[in-house]
Amino acid sequence: MMRAKLIQRAGMFAVAVILGGMGTAIAQTGPAPSAMKTIGAPSAAAKPEIVPSLFVLNSRGATLQGDTLT
C-alpha cells in the first residue's frame with residue numbers, strides 16, 4: 001500500500017517536471033541577429049535599390065487628400 005502511493009507520487013512528480021520543462025523550452029528565444037559586416041571600405045555610397053511592391057489594405061473607409069491616403 002505504501003509502495004503504491006510512493007510510485008504514484010513519483011509518477012505525478014515526473015509528469016509535473018516534464019510539463020514544467022516544456023513551458024521553459026517554448027519560452028526560449030534565438031540568438032540576436034548580428035550586425036552586417038563589410039570587408040574593406042566602399043568606394044562610393046550605396047544607392048538604395050527600388051523594389052516594386054504591392055500593398056493591400058482593408059478598411060471601412062478612406063480619404064485621399066492630394067497624395068496622402070488617410
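This structure is a prediction, so every number in the text was calculated from the model and none was measured. Count residues from 1 along the sequence.
A search for side chain to side chain donor-acceptor pair (under 3.5 Å) contacts involving Thr70 returns Thr63, not counting sequence neighbours. Partners of Gln8 by side chain to side chain contact (heavy atoms under 4.5 Å, CB included), not counting sequence neighbours, listed by chain and number: Met12.
Through side-chain heavy atoms spaced under 4.5 Å, either directly or across other Ile, Leu, Val, Met, Phe, Trp or Tyr residues, Val56 is tied to Leu54. Residue Ile50 belongs to no hydrophobic cluster, having no ILVMFWY side-chain heavy atom closer than 4.5 Å to its own. Cluster partners of Leu64, using a side-chain heavy-atom cutoff of under 4.5 Å among ILVMFWY residues and allowing indirect links, are Leu69.
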